[in-house]
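For reference, the structure discussed in these notes is given below.
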Amino acid sequence: MKKTLLTLASLLLFSAGAMAQTLDEVNTKFNEAATLYNNKDFTGAITALEETINMANSSKDDCLTTMTEAQAYLARCYRNLGVKDASAGNFDSAAEKLIKAKELSEMADPGSVRAIESVLSKVYQAQASTALKAEDYAKAAEYYEKAVAANEKDTNAMLLAAQCYGKLGNFEKAEEFYTKVIELGKTHSKYAEAAQTAKDAYITDLLSSAVKAEDYAVAKPLIEKAIAVDSLSSQANMLLLQSANNAKDFDTVIAAGDQAIAAQADDESKSNACFLVAVAAQTKGDNAKAIKYYQMVTAGPNAETAKAQVAALNK
């Protein structure tokens with residue numbers, strides 16, 4: 001029995017020794033893979049490159065340089081196949097291959113990672129676009145979020161993700177992505193236009209929902225959040241005055257009045273804001289403040305009424 005075990009052990013050692021690859025053999029297999037790659041046979045190259053890596057791992061020679069180069073080529077193969085699938089509209093398959101390419105590049109070719117992330121982001125955005133056409137905003141938002149995860153500086157994906165979440169009424173998620181764009185705008189002038197677009201779009205989403213809200217208690221926080229995004233938004237400031245006035249929340253009209261007036265771009269809009277503040281002050285019994293703001297109404301449909309109120313209050 002002992003003799004049999006010794007014989008078996010010797011055979012196993014001999015087999016393992018026979019399987020070990022030399023550096024020359026590893027390089028030969030790599031060159032075979034490189035030829036396939038140059039001939040654009042990326043699928044065949046993947047098989048040969050994986051064999052190269054396995055051989056390098058089992059070799060007793062130092063094959064690190066060849067193995068690292070093989071991993072870099074393997075990443076390029078997956079990237080090229082991913083781009084090919086994307087061009088053919090096979091986005092799921094493209095995403096899988098590009099993710100694989102990114103993982104391999106992070107180890108062997110870090111310099112190419114950014115380019116892969118950019119392509120992967122575009123693949124996810126293509127999938128999101130398909131979902132948008134079907135008005136599936138939840139699925140579109142999911143893909144746009146993946147696009148942002150793939151390329152954290154893709155402001156287009158961020159804006160579209162935010163808008164989808166806005167459509168879904170998920171303002172917490174919408175704010176997350178709008179804020180990402182706005183913050184990028186503070187880092188470099190090339191993001192300034194996208195940042196302003198984010199501010200405008202976010203305010204539009206918030207105000208649209210506020211207008212649709214039947215309850216002032218629901219609408220007011222949305223309007224105030226819009227003002228927090230851009231304190232100079234003429235539309236948001238005016239809507240706050242109008243909504244508060246309609247809800248007879250005259251304290252808010254008075255408190256928000258000066259900022260709302262300053263945010264308006266023309267004399268008529270400023271006069272309209274002044275008129276609302278004057279009415280609120282008069283209703284609260286503060287005639288001195290009411291007169292002050294009525295006197296500031298110099299244009300628009302309320303000008304004559306304001307003059308009459310000043311005359312009446314001064315009696």
Side-chain angles (χ1 to χ4, degrees), residues 86 98 102 110-133 137-138 140-212 219-241 256 258-270 273:
L98 290 167
K102 180 183 174 183
S112 67
V113 170
R114 188 68 180 273
I116 295 170
E117 288 175 336
S118 180
V119 177
L120 182 57
S121 179
K122 287 179 172 59
V123 167
Y124 286 134
Q125 289 184 67
Q127 290 174 299
S129 181
T130 299
L132 273 183
K133 289 177 183 176
Y137 298 112
E142 178 185 333
Y143 281 125
Y144 282 129
E145 191 158 0
K146 285 183 177 181
V148 175
N151 183 1
E152 62 182 15
K153 293 188 177 181
D154 192 327
T155 55
N156 183 63
M158 292 176 197
L159 286 169
L160 291 168
Q163 288 168 3
C164 286
Y165 281 120
K167 287 279 189 183
L168 294 167
N170 188 341
F171 293 110
E172 185 175 341
K173 289 293 289 184
E175 181 179 17
E176 176 186 333
F177 287 99
Y178 281 129
T179 300
K180 283 179 184 290
V181 182
I182 293 168
E183 289 303 311
L184 272 177
K186 298 175 183 178
T187 66
H188 198 286
S189 58
K190 68 181 178 181
Y191 301 116
E193 184 177 349
Q196 187 59 54
T197 299
K199 285 183 180 181
D200 294 342
Y202 189 23
I203 289 171
T204 297
D205 283 352
L206 289 166
L207 297 186
S208 176
S209 294
V211 169
K212 292 175 184 176
K220 184 183 178 186
L222 294 173
I223 301 169
E224 289 176 333
K225 184 166 280 191
I227 293 172
V229 173
D230 184 358
S231 62
L232 299 178
S233 170
S234 58
Q235 187 179 8
N237 279 283
M238 180 61 82
L239 185 59
L240 180 59
L241 292 192
D258 288 339
Q259 179 171 306
I261 293 165
Q264 304 312 305
D266 57 76
D267 289 342
E268 183 171 333
S269 296
K270 287 181 183 293

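Position 1 is the first residue of the sequence; numbering continues from there.
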Closest heavy-atom contact between [X] and [Y]?
X: Ala131; Y: Ala140; value: CB-N, 3.6 Å
X: Tyr191; Y: Leu184; value: CD1-O, 3.4 Å
X: Tyr165; Y: Ala141; value: CZ-CB, 3.7 Å
X: Ala263; Y: Ser234; value: O-CB, 3.3 Å
X: Cys164; Y: Tyr137; value: CB-O, 3.8 Å
X: Ala86; Y: Val123; value: CB-CG2, 3.9 Å

Pairs meeting criterion salt bridge (charged side-chain N to carboxylate O under 4.0 Å, His left out) with involvement of residues 171-181, two or more places apart =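 Found Glu145-Lys173, Lys173-Glu176, Glu175-Lys225.
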
Can you list every salt bridge (charged side-chain N to carboxylate O under 4.0 Å, His left out) pair that touches residues 185-200, not counting sequence neighbours?
->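 Checked against salt bridge (charged side-chain N to carboxylate O under 4.0 Å, His left out) - neighbours excluded - the pairs reaching residues 185-200 are Glu183-Lys186.
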
Just how far is it from atom [atom1] of [X] to atom [atom2] of [Y], taken to the nearest 0.5 Å?
X: Glu152; Y: Ser121; atom1: CD; atom2: OG; result: 11.0 Å
X: Phe171; Y: Tyr202; atom1: CZ; atom2: OH; result: 8.0 Å
X: Ile261; Y: Met238; atom1: CD1; atom2: CE; result: 8.5 Å
X: Ile182; Y: Thr179; atom1: CD1; atom2: OG1; result: 5.5 Å
X: Gln125; Y: Thr130; atom1: CD; atom2: OG1; result: 12.0 Å
X: Leu222; Y: Ile203; atom1: CG; atom2: CD1; result: 13.0 Å

Decide side-chain contact (heavy atoms from CB on, under 4.5 Å) for Arg114 and Lys153; before the verdict, give the C-alpha distance in whole Å, the side-chain angles of both, and the deciding distance to 0.1 Å.
-> CA-CA 10 Å; Arg114 188 68 180 273; Lys153 293 188 177 181; 3.7 Å; yes

Would you mind telling me which of Leu159, Asp154, Asn156 makes a side chain to side chain contact (heavy atoms under 4.5 Å, CB included) with Val181?
->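 Exactly one option meets the side chain to side chain contact (heavy atoms under 4.5 Å, CB included) with Val181, and it is Leu159.
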
Verdict with supporting geometry, Asn237 and Gln259, side-chain hydrogen bond (donor to acceptor under 3.5 Å, both in side chains) | CA-CA 7 Å; Asn237 279 283; Gln259 179 171 306; 3.3 Å; yes

I want to check something: taking the side chain as every heavy atom from C-beta on, are [X] and [Y] in contact at a cut-off of under 4.5 Å?
X: Ile223; Y: Leu206; answer: no
X: Ser129; Y: Tyr143; answer: no
X: Gln127; Y: Glu142; answer: no
X: Leu120; Y: Asn151; answer: no

Please step through side-chain hydrogen bond (donor to acceptor under 3.5 Å, both in side chains) for the pair Tyr178 and Asp205, ending with a clear verdict.
-> CA-CA 11 Å; Tyr178 281 129; Asp205 283 352; 2.8 Å; yes

Are any side-chain N or O atoms of Gln264 and backbone N or O atoms of Ala260, one a donor and one an acceptor, separated by less than 3.5 Å?
->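 Yes: the side chain of Gln264 pairs with the backbone of Ala260.
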
Residue Gln235 excluded, over 12 heavy atoms near CD under 6.0 Å =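 Atom CD in Gln235 is not crowded, with 12 or fewer foreign heavy atoms closer than 6.0 Å.
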
Has Gln196 got more than 12 heavy atoms of other residues, nucleotides or ligands less than 6.0 Å from its CD?
->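 Atom CD in Gln196 is crowded, with more than 12 foreign heavy atoms closer than 6.0 Å.
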
Quick one: side chain to side chain donor-acceptor pair (under 3.5 Å) partners of Ser118, sequence neighbours excluded?
->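 With neighbours one apart ignored, the set is Lys122.
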
